[in-house]
Amino acid sequence: MKQLDRLSELYDSYDIFFCDIWGVVHNGVAAYPSAVTALEEAHKAGKYVFFITNSPRLRKGVAVQLEQLVGWSLCYDGIVTSGDVTRDLIKGMPRRIFHIGVERDYSLFEKLDIDLVEKFKASTIVCTGLFDDENENPDDYLPMLSSLRARNLPFVCANPDIVVQRGERILWCAGALAYIYTQLGGRTFISGKPHRPIYDAVYSMAKKVAGKSLDKSRILAIGDSILTDVKGAELYGLDVLFIGGGVHTNNYVENGKVNQKKLDAFLEKSNTRLVAFMMELS
């Protein structure tokens with residue numbers, strides 16, 4: 001595994017970058033200037049940059065957020081979100097939907113033939129996150145999830161992440177509730193990272209934009225989550241650049257500095273085949 005100073009050190013090996021957003025490009029509140037510059041430079045150098053994110057929003061909503069936080073509109077080639085690929089799951093489910101999550105995620109259901117109903121009328125659960133991720137935790141949902149599991153309702157998870165970084169805080173995501181539902185014996189359906197559908201979608205998008213067949217050995221995935229970004233890319237046959245300054249920092253950063261022994265132990269325990277590492281994308 002190479003420890004890099006600049007993404008440009010990999011230009012000779014890769015033509016296409018499949019890059020995570022939260023924890024790599026921004027933290028939900030502010031952009032990371034070095035990451036913004038790195039991807040802008042890659043794009044200017046003729047590399048293709050595609051964002052692949054477990055956001056439950058559709059790609060147009062993520063594009064708006066990128067424009068607001070980063071100021072980008074043209075320095076990437078496409079976006080695929082977990083929300084985009086989750087819509088196909090929803091189409092195949094019973095149409096009376098009980099939504100767990102905030103109202104701003106309602107865009108997920110745009111133009112779908114579904115009815116949003118109260119939980120006692122539901123035939124399907126769709127989870128985009130917690131109702132109040134600033135103040136709640138997954139344990140608060142155990143009674144509700146247990147009652148829904150007792151009715152054997154399918155649970156569609158639109159954001160497989162367990163946690164996400166927002167500013168300086170780590171907040172719970174829909175994946176944490178999906179984990180509980182699965183542990184209760186419930187049927188859980190997920191298309192986002194680390195599962196194949198989202199990678200098939202971004203691969204197809206990249207193939208269309210490039211106008212040719214793609215060699216997976218020339219594609220590099222960039223992400224900060226071992227369970228989703230790294231595991232998913234490896235399962236899809238992609239090399240991975242791991243960004244250490246994201247959701248896992250508490251495992252090896254002490255007093256603002258990297259404890260190299262703890263970092264080495266963390267990476268060894270993760271049982272991954274990382275090709276490169278950076279604390280921050282630059």
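Closest approach of Ala174 and Asn159 over heavy atoms only: CB-O, 3.3 Å. Closest approach of Ile243 and Gly23 over heavy atoms only: CG2-O, 4.3 Å. Contact between Leu153 and Arg187 at its shortest, heavy atoms only, is C-NH2, 4.0 Å. For the pair Ser217 and Asp239, the tightest heavy-atom approach, listed with the atom from each and the gap, is O-OD2, 4.5 Å. Closest heavy-atom contact between Leu177 and Cys127: CD1-SG, 3.8 Å. The shortest heavy-atom contact between Leu108 and Pro56 is CD1-O, 3.8 Å.
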task: Take Trp172 and Asp140, measure what side chain to side chain contact (heavy atoms under 4.5 Å, CB included) needs, and give me the verdict at the end.
output: CA-CA 12 Å; Trp172 295 102; Asp140 297 327; over 6 Å; no
- request: Begin from the C-alpha positions of Tyr236 and Asp200 and carry the test side-chain hydrogen bond (donor to acceptor under 3.5 Å, both in side chains) through to its verdict.
  value: CA-CA 9 Å; Tyr236 202 66; Asp200 283 340; 2.8 Å; yes
- prompt: Checking side-chain hydrogen bond (donor to acceptor under 3.5 Å, both in side chains) for the pair Glu254/Asn259: CA distance, chi angles, key distance, verdict?
  reply: CA-CA 7 Å; Glu254 297 177 335; Asn259 182 315; 3.2 Å; yes
message: For Asp115 and Arg96: C-alpha separation, side-chain torsions, deciding distance, then whether salt bridge (Lys or Arg N to Asp or Glu O under 4.0 Å) applies.
response: CA-CA 5 Å; Asp115 291 325; Arg96 295 194 308 278; over 6 Å; no
- request: Go through the steps for Met1 and Phe242 under the test side chain to side chain contact (heavy atoms under 4.5 Å, CB included), then give the verdict.
  value: CA-CA 10 Å; Met1 183 184 70; Phe242 176 60; 5.9 Å; no
task: May I have the step-by-step check of side chain to side chain contact (heavy atoms under 4.5 Å, CB included) for Phe131 and Ile100, ending in yes or no?
output: CA-CA 6 Å; Phe131 290 120; Ile100 301 175; 4.1 Å; yes
message: Could you go through Leu220 and Leu10, starting from their C-alpha distance and side-chain angles, then the distance that decides it, and tell me whether this counts as side chain to side chain contact (heavy atoms under 4.5 Å, CB included)?
response: CA-CA 9 Å; Leu220 181 72; Leu10 297 176; 3.6 Å; yes
- prompt: How far apart are the C-alpha atoms of His43 and Tyr48, what are their side-chain angles, what is the distance that settles it, and do they pass the ring-ring contact (aromatic ring centres under 6.0 Å, His included) test?
  reply: CA-CA 6 Å; His43 200 260; Tyr48 293 102; 7.9 Å; no
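To the nearest 0.5 Å, atom CG of residue Leu39 and atom SG of residue Cys75 are 9.5 Å apart. Rounded to the nearest 0.5 Å, atoms CE (Met144) and NZ (Lys119) are 5.0 Å apart. Remark: Arg218 CZ to Asp12 CG distance equals 8.0 Å, nearest 0.5 Å. With rounding to the nearest 0.5 Å, the separation of CZ in Phe277 from CG in Leu241 is 9.5 Å. Here the CG atom belonging to Asn137 is positioned 8.0 Å from the CG atom belonging to Leu130, to the nearest 0.5 angstrom. Arg196 CZ to Ile198 CD1: the interatomic distance, rounded to the nearest 0.5 Å, is 13.5 Å.
A heavy-atom distance below 4.5 Å is found between the side chains of Leu274 and Val230. In this structure, the side chains of Val64 and Glu67 stay at 4.5 Å or more apart for every pair of heavy atoms. Looking at Tyr199 and Val80, their side chains never come closer than 4.5 Å, going by heavy atoms from C-beta outward. By the 4.5 Å heavy-atom criterion applied to side chains, Val102 and Asp105 are counted as neighbours. Taking 4.5 Å as the limit, some side-chain heavy atom of Phe50 sits within range of a side-chain heavy atom of Val209. Side-chain atoms of Leu281 and Leu7, non-hydrogen and from C-beta on, do get closer than 4.5 Å to each other. At least one side-chain heavy atom of Phe18 sits under 4.5 Å from a side-chain heavy atom of Leu238. The shortest side-chain heavy-atom distance between Ile180 and Gln183 does not fall under the 4.5 Å cut-off.
Looking at Thr37, its side chain never comes within 3.5 Å of a backbone N or O of Ser34 through a donor-acceptor pair. Judged by distance alone, with hydrogens and angles left aside, the side-chain atoms of Arg95 form no donor-acceptor pair with the main-chain N or O of Ile90 at under 3.5 Å. Between the side chain of Thr249 and the backbone N or O of Gly245, no donor-acceptor pair lies under 3.5 Å. With hydrogens and angles ignored, the 3.5 Å screen pairs no side-chain donor or acceptor of His26 with any backbone N or O of Leu66. When atom types are taken as modelled, the side chain of Thr53 and the backbone of Ile21 share no donor-acceptor pair closer than 3.5 angstrom. A donor-acceptor pair is defined here as one N or O able to donate and one able to accept, closer than 3.5 Å; no such pair exists between the side chain of Glu234 and the backbone of Thr272. Between the side chain of Tyr11 and the backbone N or O of Ala42 there is at least one donor-acceptor pair closer than 3.5 Å. Asp15 places no side-chain N or O within donor-acceptor distance of the main-chain N or O of Lys47, the cut-off being under 3.5 Å. Thr124 places a side-chain N or O within 3.5 Å of a backbone atom of Pro94 that can act as its donor or acceptor partner. In this structure, Tyr179 contributes its side chain and Ile162 its backbone to no donor-acceptor pair below 3.5 Å.
Asp84 is linked by a side-chain hydrogen bond (donor to acceptor under 3.5 Å, both in side chains) to Arg59, Thr81, counting only residues two or more places apart in sequence or in another chain. A search for salt bridge (charged side-chain N to carboxylate O under 4.0 Å, His left out) contacts involving Lys60 returns Glu110, not counting sequence neighbours.
Ring geometry for His248 against Phe266 counts as tilted: the plane angle lies between 30° and 60°, on a 0 to 90° scale.
Hydrophobic clustering places Ile52 together with Leu214 (ILVMFWY residues linked when any side-chain heavy atoms are closer than 4.5 Å, directly or through intermediates). Under a hydrophobic clustering in which Ile, Leu, Val, Met, Phe, Trp and Tyr are joined whenever their side-chain heavy atoms come within less than 4.5 Å, directly or via other members, Trp22 and Ile222 fall into the same cluster. Note on Val164: it does not cluster hydrophobically with Leu227, by side-chain heavy-atom contacts below 4.5 Å among ILVMFWY residues. Tracing side-chain contacts under 4.5 Å through hydrophobic residues (I, L, V, M, F, W, Y), one never reaches Val240 starting from Val275; they form parts of separate clusters. By the criterion of side-chain heavy atoms lying less than 4.5 angstrom apart, applied directly or through intervening Ile, Leu, Val, Met, Phe, Trp or Tyr residues, Phe17 is not grouped with Ile219; the two fall into different hydrophobic clusters.
Each of Phe189, Tyr141, Tyr181, Phe98 was scored for a ring-ring contact (aromatic ring centres under 6.0 Å, His included) with Phe155, with one residue passing: Tyr181.
Classification of Lys193 and Asp20 as a salt-bridged pair holds, one side-chain N sitting under 4.0 Å from a carboxylate O. Under the 4.0 Å criterion applied to side-chain N and carboxylate O atoms, Glu9 and Lys2 are not assigned as salt-bridge partners. Contact check on Lys91 versus Asp88 returns a salt bridge, with a Lys/Arg side-chain nitrogen under 4.0 Å from an Asp/Glu carboxylate oxygen.
Environment of CD in Gln65: crowded, with over 12 heavy atoms of neighbouring residues, nucleotides or ligands closer than 6.0 Å. Other residues, nucleotides and ligands contribute only 12 or fewer heavy atoms inside 6.0 Å of the CD atom of Glu268.
Residues in residues 125-138 take part in these salt bridge (Lys or Arg N to Asp or Glu O under 4.0 Å) pairs, two or more places apart or across chains: Asp133-Arg166, Glu134-Arg166, Glu134-Arg169.
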